[in-house]
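Quick caveat: nothing in here was measured; it's all calculated off a predicted structure. Whatever order the structure lists ligands and atoms in, that order sets their numbers, starting from 1.
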Amino acid sequence: MSDPLLSVRELRTEFDTDAGVVKAVDGASFEVEAGETVCLVGESGSGKTVACESITRLIPTDSGSITGGEVRFDGEDLTELSASALTEYRGNRIAHVFQNPQGALDDVYTVGEQVVETVRAHRDLDRAAAREEAVDLLDRVGIPDAADRIDDYPHSFSGGMKQRVVLAVALAGDPDLLVADEPTTALDVTIQAQILRLLAEIQDERGMGLLFVTHDLGVVAEIADRVVVMYAGKVMERGDVYELFENPAHPYTRALLDCLPGHGEAFDTIDGVTPDPTDPPDGCRFHPRCDHAIEDCRAGEQPAFEPVGDDHDAACVLYGDDHQPPLSFPDKHDD
Ligand code: SF4
């Protein structure tokens with residue numbers, strides 16, 4: 001089998017803060033194949049954004065650093081590259097889209113200048129050809145009258161249209177992998193649906209891998225091929241989207257799904273709060289909030305991954321050799 005487009009192995013990213021060392025990502029492993037959509041899900045503070053930013057080392061260098069693991073992209077370990085070698089990947093082969101389009105655009109320049117500049121940074125085109133390409137890109141991401149609007153400034157675009165412009169900038173380098181961090185969270189649901197559809201179309205056209213960060217399991221169900229569930233810096237469960245939604249194995253994933261309307265009790269929430277990132281609990285990070293915790297969960301390291309289905313594994317002691325989940329793991333979904 002060929003190597004995945006992106007392979008993140010035992011990634012560790014830490015931040016020095018006044019309160020202590022925050023282990024934002026603590027041994028996370030996941031993969032993205034070419035043409036595939038992988039959703040990283042979890043509550044705020046689970047480490048999903050830092051995991052994405054670590055891929056091309058976008059983390060602030062004054063306080064943050066990658067302290068372990070590898071990020072292999074097309075076979076190359078990006079954590080080992082010099083800053084100048086990494087620029088060959090950033091925006092070119094790997095592009096990022098963030099939640100707030102306003103922060104990604106500069107109000108002093110027209111949207112055209114910003115798209116043209118990116119096109120020219122990645123491709124050997126003169127200004128006229130780059131402008132033509134920029135109009136095509138703006139048209140492709142659904143900006144009406146792109147040839148006229150290219151000379152407008154960002155402030156004259158709505159939030160949804162700005163996010164389309166940001167997407168055009170990200171696509172200008174024709175990336176192999178798009179890392180999109182909650183790109184639709186700030187948008188209303190109809191615009192969100194349009195952007196998601198657009199991403200799927202572009203991905204189909206270009207065979208691009210998509211790593212999509214979200215806390216919205218409705219969005220996950222719509223777009224994901226595979227899902228990676230994170231909690232307190234650790235990956236808890238990974239699997240094919242159908243498999244994971246049909247047979248969620250990890251108690252944290254099940255608790256997240258129970259919070260969805262139509263699942264679990266009405267207005268279900270997960271009791272407790274996410275742990276202090278400077279002093280996470282021993283054992284399973286989820287144990288203080290887990291209804292199924294046993295003594296083994298409270299000491300040592302996060303339990304190792306155990307297979308729980310086809311292309312599906314979970315880091316939970318209930319699936320180890322000493323336990324039989326069907327007996328020890330009451331199924332809330334069958335109530
Ligand atoms: Fe719950 Fe223990 Fe499984 Fe963690 S390892 S999810 S605490 S049962």
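Those atoms of ligand 1 with a heavy atom of Cys290 less than 4.0 angstrom away are 1 (Fe), 6 (S), 7 (S), 8 (S). Numbered from 1 in the order shown, with element, the atoms of ligand 1 that lie under 4.0 Å from a heavy atom of Cys284 read 4 (Fe), 5 (S), 6 (S), 7 (S). Heavy-atom proximity to His292, at under 4.0 Å, picks out these atoms of ligand 1: 8 (S). Close approach of ligand 1 to Leu318 (heavy-atom distance below 4.0 Å) involves ligand atoms 8 (S). Atoms of ligand 1 lying under 4.0 Å from at least one heavy atom of Pro251, given by number and element, are 1 (Fe), 6 (S). Per-residue contacts place Pro303 under 4.0 angstrom from the following atoms of ligand 1 (heavy atoms of the residue considered): 5 (S).
Nearest heavy-atom pair, Ala146 versus Leu138, reported as atom, atom and distance to 0.1 Å: CB-CB, 3.8 Å. Annotation for Cys316 and His250: closest pair CB-CD2, 3.8 Å, computed over non-hydrogen atoms.
Taking 2.8 Å as the criterion, Cys316 counts as a coordinating residue of atom 3 (Fe) of ligand 1, since one of its N, O or S atoms falls below it. Not a single N, O or S atom of Cys297, from either the backbone or the side chain, sits less than 2.8 Å from atom 4 (Fe) of ligand 1.
The existence of a salt bridge linking Arg298 and Asp282 is excluded, since no basic side-chain nitrogen approaches an acidic carboxylate oxygen closer than 4.0 Å. Contact check on Asp240 versus Arg226 returns no salt bridge, with no Lys/Arg side-chain nitrogen under 4.0 Å from an Asp/Glu carboxylate oxygen.
Contacts between Met236 and ligand 1, counted as non-hydrogen atom pairs separated by less than 4.0 Å, are absent for every part of the residue.
Checked by atom type, the side-chain pair His312/Glu237 shows a donor-acceptor distance below 3.5 Å. Residues Glu43 and Tyr252 have side chains that bring a donor and an acceptor to within less than 3.5 angstrom of each other.
With Glu31 as the fixed residue, the salt bridge (charged side-chain N to carboxylate O under 4.0 Å, His left out) test singles out one of Arg72, Arg9, Arg238: Arg9.
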